[in-house]
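Some notes on the structure that comes next.
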Amino acid sequence: MKSSANSASSPRSPKDTDAASGIAIRTTTKDRVPALPFSAMKREVLGDAYSLSLVFAGDARTRGLNLRYRGKSYVPNVLAFPYDKTTGEIFINQKQAAREAASFDLTPKKFIALLFVHGMFHLKGMRHGSTMEREERRVLHMIDQKFS
């Protein structure tokens, strides 16, 4: 997955977090936000005290963020920006996720769930590798069991 955790000079958005869930979800595209248990996934990975912003953005926005904050010119599927130990923001590009989902043998909706969990583990400071992949599978399996 082409993703990033970046703490230096990030695109912080105004807080509009729902106190009950600790997550604010918004979209900057015309695409509908997929019906996924984002709050439950957030609680499982980051806990209740973490304040998270989830933004669904398009190619131009995510490419611009990737170039500005990571120096990379490709369109990423997910970007994660930790602001401090209890606050962060994740950008997911639904169009890029839809383009890449089949290569991961997932539906676009399942791939977005994976990207969200992936981004949250980056916010926790995890790096790519077998431990991160195992934890992603654990969370997704738990969510599937609870919400299927």
For a 4.5 angstrom cut-off between non-hydrogen side-chain atoms, does [X] reach [Y]?
X    : Y    : result
R70  : L79  : yes
E44  : R138 : yes
H118 : I92  : no

Might you work through the side-chain contact (heavy atoms from CB on, under 4.5 Å) test for L36 and F116, ending with a clear yes or no? CA-CA 10 Å; L36 288 165; F116 180 60; over 6 Å; no
Might you point out which heavy atoms bring [X] and [Y] nearest each other, and give the distance in Å?
X    : Y    : value
E89  : V55  : OE2-CG2, 3.6 Å
L123 : F81  : CD2-C, 3.5 Å
A97  : L115 : CB-CD1, 3.7 Å
H122 : A80  : CB-CB, 4.0 Å
T28  : A57  : OG1-CA, 3.3 Å
E135 : M126 : CG-CE, 4.4 Å

Looking at [Y], is its backbone amide N or carbonyl O close enough to the side chain of [X] to form a donor-acceptor pair, meaning the two atoms are under 3.5 Å apart?
X    : Y   : value
T87  : D84 : no
S51  : I23 : no
N66  : Y74 : yes
Y50  : T86 : no
K109 : A35 : yes

To the nearest 0.5 Å, tell me how far L114 CG sits from L140 CG. 5.5 Å
Any chance the side chains of T27 and R32 put a donor and an acceptor closer than 3.5 Å? no
Sorted by chain and number, sequence neighbours left out, salt bridge (Lys or Arg N to Asp or Glu O under 4.0 Å) with R99 holds for D59
CA sep, side-chain torsions, deciding dist, call: F56, D31, side-chain contact (heavy atoms from CB on, under 4.5 Å): CA-CA 8 Å; F56 288 93; D31 297 324; over 6 Å; no
Consider side chain to side chain contact (heavy atoms under 4.5 Å, CB included). Of V78, V75, I112, which one does N93 pass it with? V75
Paired with M120, the side chain to side chain contact (heavy atoms under 4.5 Å, CB included) test is passed by just one of L46, V139, L54, namely L46
